[in-house]
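Below: one structure, written as structure tokens.
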Protein chains: 2
Amino acid sequence: MPTPSRTSLVAIVAAGRRLIESEGLTGLAMRRVADEVEVQPPSLYKHVTGRSELIKLIVEDVVGDLRSSLNAAVTGSDPRADLVALAEAFRRFAHENPGAYALIFTPLPEKSRPDPTLLTKAGDQVLRTAEALAGAEHALEAARTITAWAHGFVAMELAGAFRMGGNIDEAFTFGAERLGEALDSR
Amino acid sequence: MPTPSRTSLVAIVAAGRRLIESEGLTGLAMRRVADEVEVQPPSLYKHVTGRSELIKLIVEDVVGDLRSSLNAAVTGSDPRADLVALAEAFRRFAHENPGAYALIFTPLPEKSRPDPTLLTKAGDQVLRTAEALAGAEHALEAARTITAWAHGFVAMELAGAFRMGGNIDEAFTFGAERLGEALDSR
DNA sequence: ACCTGAACACCGTTCAAGT
DNA sequence: ACCTGAACACCGTTCAAGT
């Protein structure tokens, strides 16, 4: 007689994401995930091919949430204002999900990398704002400049790399505004 | 009778850095480092307090090399040209040391983080160029904008996050030039 | 069809014993 | 003073056996 599942993929991914958030990638041990969903470790392999794939699923979950946050941030009125709103939403998301966020742009083994189309979708709002600002011919380059700066900023922040004093919030606003000016070709 | 050391801290750090470069942080196993320097694993602990500290020493080694590369890149003639030269040197370094580079701005446990003063020294050249460009009152913010963008760009590149086509080299040059314009307050 | 216990091949690290 | 072998407490993963 078939036994009903005692856990589920969503429960496993959620548990894994919690573990990563609280203790980083090292804390993501299959045995601990199993504990969290109240199952023996080998049972996890009925839902997931292995730890690498679980990491991938967690990253994809995070990327989906990031996309929602970015989409919710823009108003569509003024591209310069939208750029600032996107940057702030991006940073807020990273601050609220530092452990999971760190995985998005970290060099992971092929098996743990998120589906590229998900990353593309998450970046779509930035691309549209970049196009409104910089024009169609420079849209992609402008979007990459914005994303690179925003990611680099929060990555350094989360890694504790800003150690020379000064106001971090102001530095972020400074960057967002200067980038808005620099990319505006209207 | 005292036994002469069969290995050394520099040999251990070099071996560790090689392992990280070829197989990432996961490849940095104490047993494999021990193999590389031809010693039994427990002997490593006479030179290093543990794996965490070894990671820290490796990161500090890399940061020192990055600093040298950046210092060698500037000519001091024109700040805009220096900014481009710094950005290119930064990116070249990351491409040549992708495994080790990834560690610099990754969120590491406290015990593995590099000495903050080393990071400061590595960033000093960028700070000076930023000051020449943006003026003393905005030097730190400008330096952070430049560094964030450059790091974000190569981090995304190394993570394989640029998947929408387009020319990556041109996107980098585009960003460097626009940033130069945006930060120039002379 | 899903879960389990036992097992395998790995880890980092400790420590008493050797030279 | 440094190195070693043996051991401990962990990993991820596999697999035959249970229900």
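Per chain, numbering begins at 1; letters A, B, ... match sequence-line order. Nothing here was measured: the structure is a model prediction, and the numbers come from that model.
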DNA chain C-proximal residues of residues 8-29 of chain B, any heavy atom under 4.0 Å: B/L28, B/A29

Side-chain donor or acceptor of A/T49 paired with backbone N/O of A/Y45 under 3.5 Å: no

For a 4.5 angstrom cut-off between non-hydrogen side-chain atoms, does B/F153 reach A/W149? no

For residues B/H95 and B/E157, is any side-chain donor paired with an opposing acceptor at under 3.5 Å? yes

Writing each nucleotide of DNA chain D 5' to 3' as (, ), [, ], | or . by Watson-Crick or G-U pairing under 3.5 Å yields ||.|||||...|||||.||

Just to be sure I understand the geometry, which residues of residues 53-61 of chain B put a non-hydrogen atom under 4.0 Å away from DNA chain C? none

Salt-bridge present (A/E110, A/R113; N to O < 4.0 Å): yes

Determine, for A/D35 against A/R31, whether the closest basic-nitrogen to carboxylate-oxygen distance falls under 4.0 angstrom. no

Under 3.5 Å, is there a donor-acceptor pair between the side chain of B/R178 and the main chain of A/A182? yes

Would you be so kind as to tabulate the donor-acceptor pairs closer than 3.5 Å made by side chains of residues 12-19 of chain B, with sequence neighbours excluded?
from	atom 1	to	atom 2	distance (Å)
B/R17	NH1	B/D61	OD2	2.8
B/R17	NH1	B/D65	OD2	2.8
B/R17	NH2	B/D65	OD2	3.1
B/R17	NH2	B/N97	OD1	3.4
B/R18	NH1	B/E36	OE1	2.6

Length of the CZ-P vector between B/R51 and D/dC11, whole Å: 14 Å

Under 6.0 Å from the CD atom of A/E38, do we count more than 12 heavy atoms belonging to anything else shown? no

Quiz item: cation-pi between A/R91 and A/F172, 6.0 Å / 45°: yes

Member of B/F105, B/F93, B/Y101 meeting the side chain to side chain contact (heavy atoms under 4.5 Å, CB included) criterion with B/V154: B/Y101

Strictly under 3.5 Å: I want the nitrogen or oxygen pairs between protein and nucleotides 4-10 of chain C, one per line.
from	atom 1	to	atom 2	distance (Å)
C/dT4	OP2	A/Q40	N	2.7
C/dT4	OP2	A/S43	OG	3.3

Hey, is the main chain of B/F174 close enough, under 3.5 Å, to the side chain of A/E141 for a donor-acceptor pair? no

A/T7 has a side chain; which of D/dT13, D/dC3, C/dC3 sits nearest to it? C/dC3

For the backbone of B/Q125 and the side chain of B/T129, can you confirm whether one donor and one acceptor N or O come within less than 3.5 Å of each other? yes

Cluster partners of A/L127, using ILVMFWY side-chain heavy atoms under 4.5 angstrom, listed by chain and number? A/L140, B/M164

